[in-house]
Amino acid sequence: MVRRTLSLFFAVIVSAVALRAEATPAKRIAVRLDYQAPEPSHFCPSSDELGFMLAAEFGYAAVRDDARGVLTVHVRVVDDKYQAELSAPNPSGTGENWRWNTDKQATCRELAYDVATTVGIAFGPRAWANGEPPETLAAPPPVIDVRPSAVLRERPRLVAKYVSTVSRTNRETTGTTAGANADTPMQMEAAIGPAVTLYGLPSVAIGGSGLLALRWTRFALGLDMRGAVMPMAGFGTPQLDARAFLFTASLLPCAATRFIDVCGSLNASIIGLDAPPPIVVSASDGFSLGVGARLVGRYPLSSRFTLFGSADISGQLRSITIAGPILDDPAQVATYWRSTYLRLALGVGIAVGVFE
């Protein structure tokens, strides 16, 4: 009982000392925050998070609802990057409002850190004329309830709010919502959708593909599995009543942006044949390696799902020939089809963040 009473006594004393220090601080500034950010799919920090970033720069809570001056932060997308237009009362106390356009950043969260750093430098004590902030920026004196009950009630609430915000920020930063947040160090995506092989088989083939990819801010690495088959049987001269099919596995290193991926392609493929005997294409005969490129257009549907379309061009290292005896005259051998070295394909699909 005595130990509990002493602990409570010391907690009240420490809180009262801290509150007294806050009641007579060094010269400080305060602003109200007018924060305008793009829609949520851009994953910009909230106004509360930006306020915490500013507090980390100044060493105290610089954003207050009772401040006279207003700091305007207008975030916009420029050339697939993020830039902020800043405006606030001039820290020198003279002239028109201070205005600044930040450098472009790859992600909205990187931009928020840049904004906090810029404001911290521009409005720190070195920017004040005669060491005094102008009236429009001077922080009003805090209104403090020093009753012990208020101290014990408010401190946990403020700490809980801070911990909640920091926890949410850390989850986004470490990738627990990696499928949604473009600012995470790494994201994992899985995708599926239909595909069409326009050129490279005896005729157009249709099928589907599955993709697993790791994504960073500017780079992505994907593994794509694709299968396609001719919908109608019959090709060659003389005509062979058969259908060809193609299985392809591709490794895709990509330069990634928000809406466009430009990828190289290293692929291995097998062309097979569904034909009556004795016409047959073995796996070794139909195997080929190739290199090429893939262009992917991406459109975020939500924080988790992305619609994409792709176009592939690939050069094969060998040509594959389908030949065999003529069914009406087995003594004669005919070449029914010889593959080209070039393949073209299109695909669409939906990608989903695996960790969302």
Side-chain angles (χ1 to χ4, degrees), residues 31-54 57 63 70-88 97-122 165 168-189 191 213-220 222 254-263 294-311 348-353 355-356:
V31 292
R32 286 180 286 120
L33 184 59
D34 179 11
Y35 177 49
Q36 305 171 41
E39 60 182 13
S41 64
H42 292 264
F43 312 111
C44 293
S46 66
S47 57
D48 286 341
E49 290 178 274
L50 182 56
F52 278 121
M53 293 178 188
L54 290 168
E57 289 292 330
V63 176
V70 177
L71 170 63
T72 300
V73 180
H74 182 197
V75 179
R76 59 180 182 269
V77 181
V78 180
D79 299 331
D80 200 29
K81 294 185 178 181
Y82 297 89
Q83 187 177 40
E85 180 180 350
L86 311 179
S87 176
N97 276 9
W98 172 84
R99 299 182 185 278
W100 188 264
N101 289 328
T102 65
D103 295 333
K104 297 175 185 177
Q105 299 294 338
T107 67
C108 200
R109 187 168 297 278
E110 289 177 8
L111 178 67
Y113 288 119
D114 191 20
V115 167
T117 301
T118 300
V119 174
I121 294 173
T165 302
R168 183 175 66 252
T169 302
N170 287 341
R171 287 199 306 272
E172 294 175 352
T173 303
T174 54
T176 56
T177 58
N181 194 334
D183 298 337
T184 55
M186 185 187 74
Q187 306 166 35
M188 180 178 288
E189 282 186 348
L214 299 176
R215 298 186 64 85
W216 291 265
T217 302
R218 290 296 183 187
F219 178 75
C254 305
T257 67
R258 178 172 172 76
F259 295 106
I260 297 291
D261 288 354
V262 179
C263 307
R294 175 178 294 189
L295 182 65
V296 184
R298 297 169 53 86
Y299 182 77
L301 298 176
S302 68
S303 61
R304 185 176 182 184
F305 294 95
T306 300
L307 174 67
F308 68 89
S310 64
V348 295
I350 295 290
V352 59
F355 295 128
E356 179 66 9

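We number each residue from 1, following the sequence as shown. Values below: all heavy atoms of this structure, side chains included; hydrogens, waters and symmetry mates excluded.
- Put simply, OG1 on Thr257 and CG on Asp79 are 11.5 Å apart, with the number rounded to the nearest 0.5 Å.
- With sequence neighbours excluded, the residues that form a side chain to side chain contact (heavy atoms under 4.5 Å, CB included) with Thr72 are Asp34, Gln36, Val70, Ser87.
- Proximity of a side-chain donor or acceptor of Tyr82 to a complementary backbone N or O of Glu110 within less than 3.5 Å is not detected.
- Thr102 contributes a side-chain N or O that, together with a main-chain N or O of Ala84, makes up a donor-acceptor pair within less than 3.5 Å.
- For the pair Arg215/Asp261, a side-chain contact is recorded, criterion being any heavy-atom separation below 4.5 Å from C-beta on.
- Taking each heavy atom of Ala122 and Trp98 in turn, the nearest pair found is CB-CZ2, 3.7 Å.
- Taking the side chain as every heavy atom from C-beta outward, Phe52 and Pro45 never approach each other to under 4.5 Å.
- The structure places CD of Gln83 at 6.0 Å from NZ of Lys104, a figure rounded to the nearest 0.5 Å.
- Summarising the geometry, atom CG belonging to Leu50 is positioned 10.5 Å from atom OH belonging to Tyr113; distances are rounded to the nearest 0.5 Å.
- Between Cys254 and Val296, every side-chain heavy-atom pair lies at or beyond the 4.5 Å cut-off.
- One finds the CG atom of Asp114 at 11.5 Å from the CE atom of Met53 (value rounded to the nearest 0.5 Å).
- Side-chain contact check for Trp100 versus Val119: every heavy-atom pair is 4.5 Å or farther apart.
- Contact of the Leu71 side chain with the Leu54 side chain is registered, since non-hydrogen atoms from C-beta on lie closer than 4.5 Å.
- The two atoms that bring Cys44 and Pro38 nearest to each other are SG-CD, 3.6 Å, heavy atoms only.
- Side-chain contact between Val115 and Val75: absent, with no pair of heavy atoms (C-beta onward) separated by less than 4.5 Å.
- Minimum interatomic distance between Glu57 and Gly120 (heavy atoms only, all atoms of both residues): CB-CA, 4.4 Å.
- Side chains of Val262 and Leu295 form a contact here, defined as non-hydrogen atoms less than 4.5 Å apart.
- For Phe219, the ring-ring contact (aromatic ring centres under 6.0 Å, His included) partners two or more places apart in sequence, or in a different chain, are Trp216.
- From Thr217, atom OG1 reaches atom CZ of Arg109 across 12.0 Å, with rounding to the nearest 0.5 Å.
- If you take CD1 on Ile350 and CG on Leu301, they are separated by 5.0 Å, rounding to the nearest 0.5 Å.
- In this structure, Arg218 and Lys81 approach most closely via the heavy-atom pair NH2-CE, 3.4 Å.
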